[in-house]
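First the structure, in the form of structure tokens, and then the observations on it.
Every heavy atom of this structure was used, including side-chain atoms; hydrogens, water molecules and symmetry mates were not. Whatever order the structure lists ligands and atoms in, that order sets their numbers, starting from 1.
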Amino acid sequence: MAFKLASASTLALAAAMGLTLAGCSTLTGSPAMPVDGAVVAPSGVEWVQDVHSYARPQIARVGHVDLDLTADFDRKVLSGEATLDISGQAGADQIILDVRNLDIASVTDGAGRALPWRLGADDPILGQPLTIDLPPLRADETRKLVISYATRPDAAALQWLTPSQTAGGEKPYLFSQGQAILTRTWVPTQDSPGIRQTYSARIVVPSDLKAVMSAESLTPNGEPAGAGMTAYRFRMTNPVPPYLIALGVGDVAFADIDERTGVWTEPSKLRAAHDELVPTADMVDVAEDLYGPYRWGRYDLLVLPPSFPFGGMENPRLTFATPTIIAGDRSLVSLVAHELAHSWSGNLVTNATWDDFWLNEGFTVYFENRIMEAVYGPDRAMQEQVLGYGDLLDTIADLPPEDTRLKLNLAGRDPDEGMTDIAYEKGALFLRTIERIVGRDRFDAWLRGYFERNAFRPMTTERFLEDIRTHLVQGDQALEDRLMMDAWIYQPGLPSNAVAPQSDAFVPVDTAARAVFVDGAPPPRALWDGWNTQQRQRFLAWRPEGLEAGQDWLTPAQLAALDETLDLSQEGNAEVRFGWLQIALAHRYEPAVASAEEFLMGMGRRKFVLPLFTTLWNEGDWGRPIATRIYAKARPLYHPVTTGSVDAVVGIPD
Ligand code: BES
Ligand code: ZN
């Protein structure tokens, strides 16, 4: 279905947030590679406005973050120091950081001398500017700033899990989620994707837990750090946007797949997670063959407890993933292909602002599908394209036209609102259109060059256009006209050169769906048994043409037959279970409520949770009491990212 962030609930969310935009005119710019850890002032770069940051990096910017933090699970607080390396224009006498919901204790220079600082007005989305006064900077000088601070228990980036929310049931767990603008709730820095920073960290945790980060581990076994505590140290020497700084703390164990890939998760889940994710090793090889060397050293995955709010998050060197992809048959591993692809599209070449989000996600969905094609063959890749295209059509039908352009204008809105299938699927379809027109060899050569030329740099939609015109179109006016690039980027909907993907494997599925859903045929158990997960998803996503919002298309007897014949309420594959529950709840099918409740209590992935609560909510008298009852029990289990979205639909239970 069309949900990343559901469109209907996106609108509700925007309204519920009473959206405001602080009058911030923030700029971000291209970075320069650090030399010996120093911050090199960007030169000859174009600065673009990031309306989601208070920072003014053209005046003074952060080049390195060093964290020294202790995790207190009783108080749900991370506290300690962030030491920032800063540089800027000659004469700059202040630097502005982004913070939200932090307790700042003090700010000093590298020698421990106090510096004046103040927090500005608090915006519900952006948080606050932290302005620090400095003795004027010299050109080419790098200075240290030390900020002593603590996070709050409700920091939006952090989820503190009780032992009962983990698989082991005995030890607590903590993880962070930075994208889009949540890093500022646990690290005081300039939180804009255009301001790349290297980082290092020392994380002190209770000795029965381990810390892992999106960085190179320097102390695999930890170091003693006082009574009952152990310290883990890390470093990331490639400059990264701050949304990629990530931390996990828990009772986790590691199993390698090959010499550069492996899996972290809780010990009782390690065997299953490892076996499911074995294809990761081939995927890294295939990705390098396609678009050039993997630049981050190791590629590991951390499979989180079920409350992880996303499918995956491309934290460098250590993708964070939901356990709902552990299906037992490797049927959902395209998520790994996706997060891995971000090691190029997103982590190497990064959207300069959240208005350019399609540059991260559209390129990544394109690249993901190329990895799937190389590892599993064109049929499987085509099935996934067709599923994505179905989602895209649903999204275009649901969203206001102005939100269906690739280049967004999110001023005054939460950047999460750009997380729709427009960025993902329209973005990928755009790139497939270019590939079809110029031919695969030429397209691949350009894309490889694009990653190489722009590595470790932020990218705007406008600079993308410049790059592709310079290096691919090269003044060929007939080609320029056929590509329709401006229409793809700046116009709503789909341009006339879009071609719908087709999959032969879905022809019998669609025939069966029509027979069942329109002509009342019995559910096709034998066919179903022979279908793969993508075919089953297609079957459950099928809708009769011209269906009105809220209109039913199945009778109670048909629903019961589906449920019983295909065992859908007991389904173990999360995508298939979700597809079924969307149908069942939209029809007020009472026998599926227990299955929905179990599913919603068992995981907190927003892509599943938000649409199911929205479907219930749309079923008025029948669905709202159910939604309210389940949400009251489930809400404490969910991450702030998920509750933030569901609260706007269901409300906060008493
Ligand atoms: N980077 C995204 C997740 C994200 C986007 C988090 C925006 C916060 C703000 C990640 O790569 C992603 O797209 N995850 C998808 C899975 C993917 C296979 C489409 C998800 O979580 O559903
Ligand atoms: Zn992604």
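Ligand-side atoms of ligand 1 in range of F357: 5 (C), 7 (C), range being under 4.0 angstrom from any heavy atom. In summary, the atoms of ligand 1 found under 4.0 Å from a heavy atom of Y424, numbered by their order in the structure, are 2 (C), 5 (C), 12 (C), 13 (O), 19 (C).
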So D444 and R370, salt bridge (charged side-chain N to carboxylate O under 4.0 Å, His left out) or not? Walk me through it. CA-CA 11 Å; D444 281 352; R370 293 293 302 275; 2.9 Å; yes
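Of the possible donor and acceptor atoms, none in the side chain of Q383 sits under 3.5 Å from a partner among the backbone N and O of Q385. The backbone N or O of Q190 sits less than 3.5 Å from a side-chain atom of Q197, completing a donor-acceptor pair. With hydrogens and angles disregarded, a donor-acceptor distance shorter than 3.5 Å links the side chain of D98 to the backbone of D191.
In E314, the part holding a heavy atom less than 4.0 Å from any atom of ligand 1 is the side chain. Under 4.0 angstrom from ligand 1, there are no non-hydrogen atoms of E368.
Nearest-residue assignment for atom 11 (O) of ligand 1 (options E384, K607, E339, E425; heavy-atom criterion): E339. Taking each of G311, G178, G312 in turn, the one with a heavy atom nearest to atom 14 (N) of ligand 1 proves to be G312.
Remark: ligand 1 and H338 share an N or O pair separated by less than 3.5 Å (distance only, no angle test). Considering backbone and side-chain atoms together, F310 places no N or O closer than 3.5 Å to any N or O of ligand 1. When only interatomic distances are considered, the shortest N/O to N/O separation between Q177 and ligand 1 does not fall below 3.5 Å. Here's the thing with H342: one of its N/O atoms is less than 3.5 angstrom from an N/O atom of ligand 1.
The residue from Q159, Q165, H639, R605 that alone fulfils the side-chain hydrogen bond (donor to acceptor under 3.5 Å, both in side chains) condition with S307 is Q159.
A salt bridge links R260 with D285: the distance from a Lys NZ or Arg NE/NH1/NH2 to an Asp or Glu carboxylate oxygen falls below 4.0 Å. No salt bridge links D356 with R463; every basic N to acidic carboxylate O contact stays at or beyond 4.0 Å.
For the atom pair OG1 of T420 and CG of D394, the computed distance is 12.5 Å after rounding to the nearest 0.5 Å.
Distances from the Zn ion (ligand 2) to the N/O/S atoms of E361 are shortest for OE1.
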